[in-house]
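Worksheet: the structure to be examined is printed underneath.
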Amino acid sequence: MLKTPARPTVATHWGTYRVRMSEGRPAELEGFEQDPAPSPIARSMIGALDDPTRIEKPMIRASFLEKGHRATGAGRGAEPFVAVDWPEAIAIAAGELDRVRKEHGNGAIFGGSYGWASAGRFHHAQSQIHRFLNAIGGYTRSVGNYSYAAADAIVPHVVGDRRGLVTDHTSWPVIIRHARMLVMFGGLPLKNSQVSSGGIGRHILAESLEAFAANGGELISVTPIRDDVEERFGATWLPIAPNTDTALMLGLAHTLWSEGLHDKAFLARCTTGFDKFLPYLSGESDGIAKTAEWAAAICGIDAEAIRSLARRMAAQRTMIMLAWAVQRADHGEQPCWMAITLAAMLGQIGLPGGGFGIGYGSVNGIGNPILDLAWPSFSQGSNGVDDYIPVARISDLLLKPGEPYQFNGQERRYADIRLVYWAGGNPFHHHQDLNRFLEAWKRPEVTIVHESWWNPLARHADIVLPVTTQLERNDIVCSSRDRLLAASHRVAAPFGQARNDYDIFGALAAALGAEATFTEGRAEEAWLRFLYETAQERLAGLGFNPPDFETFWEEGALLFPEPERQPSLFEAFRQDPAANALPTPSGRIEIWSDRIASFGYDDCLGHPAWLEPREWLGAGKAARFPLHLISNQPKTKLHSQYDQGSHSRAAKIRGREPVRIHPADAQARGIGDGDIVRLFNDRGACLAAAVLSEAVRPGVLQLATGAWFDPAMPGVSGSLEKHGNPNVLTHDLGTSRLGQGPSAQSCLVEIERHDGDVPPVTAFDPPPIVNRS
Ligand SMILES: Nc1nc2c(c(=O)[nH]1)N[C@H]1C(S)=C(S)[C@@H](COP(=O)(O)OP(=O)(O)OC[C@H]3O[C@@H](n4cnc5c(=O)[nH]c(N)nc54)[C@H](O)[C@@H]3O)O[C@H]1N2
Ligand SMILES: Nc1nc2c(c(=O)[nH]1)N[C@H]1C(S)=C(S)[C@@H](COP(=O)(O)OP(=O)(O)OC[C@H]3O[C@@H](n4cnc5c(=O)[nH]c(N)nc54)[C@H](O)[C@@H]3O)O[C@H]1N2
Ligand SMILES: [Mo]
């Protein structure tokens with residue numbers, strides 16, 4: 001077995017740490033010496049190794065153990081569990097997988113298993129589960145993500161691929177040197193740049209913003225929440241009404257056009273369709289000129305401020321940045337398309353520090369200068385089923401088998417799912433309208449889950465298989481958004497009977513006759529050596545000389561230098577649009593798209609447009625639910641991970657998630673600071689603790705995601721959620737038929753003081769565990 005060095009390293013989604021050991025146990029995770037801003041999220045990790053929420057043994061829901069898949073799904077989340085030994089758990093799970101694939105075909109297994117799991121190339125739960133399910137014949141999968149699904153659909157129609165969204169962002173060093181102004185829709189919150197999927201060498205956002213500001217650069221933060229940019233960076237705050245960014249951008253575009261400030265030469269050379277967009281902008285086609293006044297009435301920002309901003313954007317090198325949150329809303333495709341259109345009108349796309357970029361403040365890695373190399377990964381094999389859903393259509397999938405739906409120009413039908421297998425994600429965290437999801441989750445015959453903790457997903461499963469945490473196994477960490485190659489050392493023995501995902505899938509594969517395909521005869525160490533050697537070879541191709549595996553394992557972390565060449569986004573295209581044509585139908589940036597127009601969608605037209613969200617402050621529904629709820633990412637954890645940990649719990653108020661409210665809105669409702677409040681709408685209700693704050697725009701509430709779902713009546717859809725999980729309030733409608741992305745940020749609610757009895761939070765109490773009857 002691989003030896004853990006005396007000074008071990010742990011590499012996580014929130015950064016790299018050196019472990020101070022004491023008497024053979026981890027005592028503290030200390031920030032990596034090359035990281036200027038280590039994240040405190042890691043503080044929760046050691047205490048959670050053996051806290052009361054840990055799952056000790058394989059567990060089966062009581063009635064499922066008795067009746068198998070004939071047990072009603074209605075008991076999920078409400079029933080006690082029975083502990084079983086590993087051989088029995090593997091036999092039951094393998095038996096169900098085999099039955100379902102034989103009776104209904106592999107397409108009846110849903111293995112999308114969306115979620116962040118843990119950093120690490122080998123113990124990557126998504127790769128593990130997909131490789132396993134592929135080895136036994138395949139599964140219905142999910143495509144896209146909750147982060148930027150709408151952008152992922154629209155951006156490739158506009159620029160041909162995912163440049164500026166997923167890859168090729170202009171780097172921070174280039175922005176610092178050349179940009180004079182950043183216009184940031186959704187701000188650049190440091191809280192979010194604590195993390196990046198797959199691992200982090202250095203946290204770069206704070207130092208980049210400092211350097212930009214020190215250079216005299218100007219920051220404009222367009223967001224409903226002031227501290228989306230920290231005060232010390234001196235940004236100007238434009239407190240926009242949520243979900244109205246497209247209207248504001250149209251107002252800016254109208255100003256540019258009406259004052260002749262748009263770059264006609266760039267539009268002619270590098271784009272297509274401005275002529276078809278212009279009648280909409282000018283109002284010639286619909287009688288509504290998208291003037292600054294028109295925009296002001298929608299977005300709540302003064303018309304003169306809009307005009308002045310447009311002029312300043314045209315007068316200097318300006319980068320338009322869009323947080324992913326802005327598109328996680330009804331018609332989330334539109335602000336992406338309109339941001340690119342606005343950048344095209346400014347004519348700075350392809351120039352250093354100009355143009356646009358999506359996601360700069362959303363995770364640490366966007367704008368990080370990376371190496372031109374593909375890091376190795378654990379192969380998933382190939383899927384014998386080619387059916388899929390857009391990831392956020394999970395409730396529809398389970399509730400509407402066989403029904404048709406639209407997705408990006410296709411008519412598709414939902415599969416008939418009998419078995420759901422989840423490892424490395426938490427849909428009771430990530431999905432919208434959890435009361436609806438709870439009903440959907442009762443539908444399949446079998447649900448199998450790998451978890452380390454009794455979180456809401458584990459509590460709602462039939463078969464719960466306990467897995468190791470990152471501190472309990474060895475791994476290799478490298479991310480496509482960083483220059484880090486790190487070891488993550490095993491610093492603790494597995495808790496109870498917890499096993500690695502790999503070993504669980506290996507045992508299942510053996511039971512189902514697929515062991516050789518799944519393991520290729522390798523155990524953990526052999527896989528790590530194989531992955532390292534692949535990385536070594538590719539790094540050698542770039543002229544680096546990484547050490548042998550033993551030295552690497554001892555040192556723990558290698559951080560490679562920034563590449564010298566850092567081209568700006570679309571630099572080559574701008575220089576020669578014919579030779580470096582974009583992979584769009586026209587070869588250019590498409591301000592009008594024939595292809596999208598041909599779909600005939602009224603929720604995504606042939607050009608970017610202001611399409612009213614179903615829920616926003618201007619909607620009729622605001623008469624009953626007058627506040628716009630922003631459920632953004634939590635500062636003290638990653639999603640629901642480590643909500644039970646010390647760092648997350650320290651930020652709760654009387655055990656509940658804080659909800660920020662403007663003092664005027666609080667006063668109108670008799671709500672005081674620290675009061676327990678009830679947020680509600682037609683879909684559900686939750687309790688939270690009020691924090692009065694002028695950092696939120698009037699009319700807006702902010703309740704971060706991540707509190708473990710804690711219904712007053714377990715298993716009963718619609719009961720009061722006690723802990724502060726905003727997804728009992730959000731709606732479960734796709735952004736549009738084009739993107740079908742999650743639209744959590746379009747959500748109207750009302751809030752009231754909760755007088756009387758306050759039910760205790762029970763999210764961190766494990767479910768009842770009983771003896772076999
Ligand atoms: N209202 C609202 N909802 C949202 C969002 C929002 O902005 N607003 N944001 C959305 C976004 S962008 C995202 S990405 C999602 C995030 O949703 P998820 O990624 O599903 O959330 P996590 O809490 O990270 O879930 C990961 C789970 O994997 C488990 N895990 C960790 N390591 C391992 C492992 O090695 N093996 C196994 N088997 N399990 C492991 C953890 O315990 C945890 O339960 O939430 C979405 N939901
Ligand atoms: N600490 C921590 N960091 C994280 C995560 C986490 O769970 N914890 N999750 C990671 C993941 S998976 C992702 S996808 C990213 C998500 O990154 P984002 O989606 O960018 O993050 P959010 O915090 O949801 O939103 C950022 C800000 O956008 C603003 N905003 C919301 N709606 C609107 C709008 O309509 N218009 C405008 N102009 N602004 C709006 C809100 O004020 C919010 O604070 O974060 C990542 N970073
Ligand atoms: Mo995300």
Side-chain angles (χ1 to χ4, degrees), residues 13-14 39 41 48 113-120 123-126 128-129 145-149 184-197 221-228 238 240-245 248 299 322-329 332 335 359-364 392 422-432 449-453 455-458 465-470 473 475 500-501 504 613 616 628-643 696-697 700 702-706 708 725-727 729-730 742 744-747:
H13 294 307
W14 37 93
S39 163
I41 291 177
S113 188
Y114 180 78
W116 269 54
S118 292
H123 295 291
H124 178 237
Q126 263 61 47
Q128 293 284 350
I129 185 174
N145 55 42
Y146 280 72
S147 310
Y148 49 77
M184 310 169 295
F185 294 89
L188 289 178
L190 291 184
K191 70 175 175 68
N192 289 354
S193 71
Q194 288 178 96
V195 314
S196 186
S197 162
S221 182
V222 185
T223 145
I225 300 178
R226 184 174 60 209
D227 48 22
D228 279 334
L238 298 182
I240 191 170
N243 297 189
T244 65
D245 301 79
L248 171 58
C299 73
L322 194 74
W324 293 340
V326 177
Q327 55 81 68
R328 204 175 299 115
Y360 277 99
S362 300
V363 288
N364 182 67
W422 224 292
N426 179 5
F428 284 91
H429 161 78
H430 65 232
H431 199 53
Q432 282 61 63
V449 161
H450 292 191
E451 254 301 336
S452 302
W453 291 280
N455 72 353
L457 176 65
L465 304 176
V467 292
T468 51
T469 74
Q470 209 179 350
R473 60 199 185 209
D475 217 327
N500 295 334
D501 292 294
I504 300 171
W616 69 297
H628 195 126
L629 176 69
I630 298 295
S631 51
N632 58 354
Q633 311 295 323
K635 183 177 184 182
T636 56
K637 56 196 165 245
L638 174 67
H639 314 133
S640 66
Q641 299 195 39
Y642 294 104
D643 187 39
V696 295
R697 183 191 194 282
V700 169
Q702 182 257 327
L703 173 64
T705 59
W708 284 8
N725 186 317
N727 276 329
L729 301 162
T730 51
Q745 304 306 356
S746 299
C747 180

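For ligands, and for the atoms within them, numbers begin at 1 and follow the listed sequence.
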Which bit of [X] is near ligand 2, meaning a heavy atom under 4.0 Å away: side chain, backbone, both or neither?
| X | value |
| --- | --- |
| Ile240 | side chain |
| Val363 | side chain |
| Asp228 | side chain |

Taking 4.0 Å as the limit for heavy-atom contacts, which would you say applies to [X] with ligand 1: side chain only, backbone only, both, or neither?
| X | result |
| --- | --- |
| Asp501 | side chain |
| Gln432 | side chain |
| Thr469 | neither |
| Glu451 | side chain |
| Arg473 | side chain |

* **Residue Asn243 vicinity, atoms of ligand 2 by number, heavy atom under 4.0 Å** =>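 This gives 34 (C), 35 (O) as the contact atoms.
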* Sub-4.0 Å heavy-atom contact, Gln633 with ligand 1 ->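 Yes.
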* Contact between Tyr114 and ligand 1, counting heavy atoms under 4.0 Å? -> yes
* With atom 4 (C) of ligand 2 as the reference point, say which of Leu248, Asn145, Leu322, Val195 has the nearest heavy atom. => Val195
* Asked: Do the ring planes of Tyr146 and His431 sit parallel (below 30°), tilted (30 to 60°) or perpendicular (above 60°)?
  -> perpendicular
* Give me the ring orientation class for Tyr114 and His430: parallel if the planes are under 30° apart, tilted from 30 to 60°, perpendicular past 60°. =>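 The arrangement is perpendicular - the two ring planes meet at more than 60°.
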* Measure the distance from atom 32 (N) of ligand 1 to every protein heavy atom, then report the residue, atom name and distance (to 0.1 Å) of the closest one. => Ser118 OG, 2.6 Å
Within-cut-off N or O pair, [X] and ligand 2, under 3.5 Å:
| X | result |
| --- | --- |
| Ser193 | no |
| Asn192 | yes |
| Arg328 | yes |
| Ile41 | no |

* Listed partners of Arg328 passing side chain to side chain donor-acceptor pair (under 3.5 Å), at least two apart -> none
* Would you check whether Gly361 reaches within less than 4.0 Å of ligand 2, judged by its heavy atoms? => no
* Pro224 to ligand 2, any heavy atom closer than 4.0 Å -> yes
* To do: Decide whether an N or O pair under 3.5 Å exists between Thr705 and ligand 1.
  => no
* Does an N or O from Thr468, backbone or side chain, lie closer than 3.5 Å to an N or O of ligand 1? -> no
* By ring-ring contact (aromatic ring centres under 6.0 Å, His included) - contacts of Trp116 (at least two apart) -> His13, His639
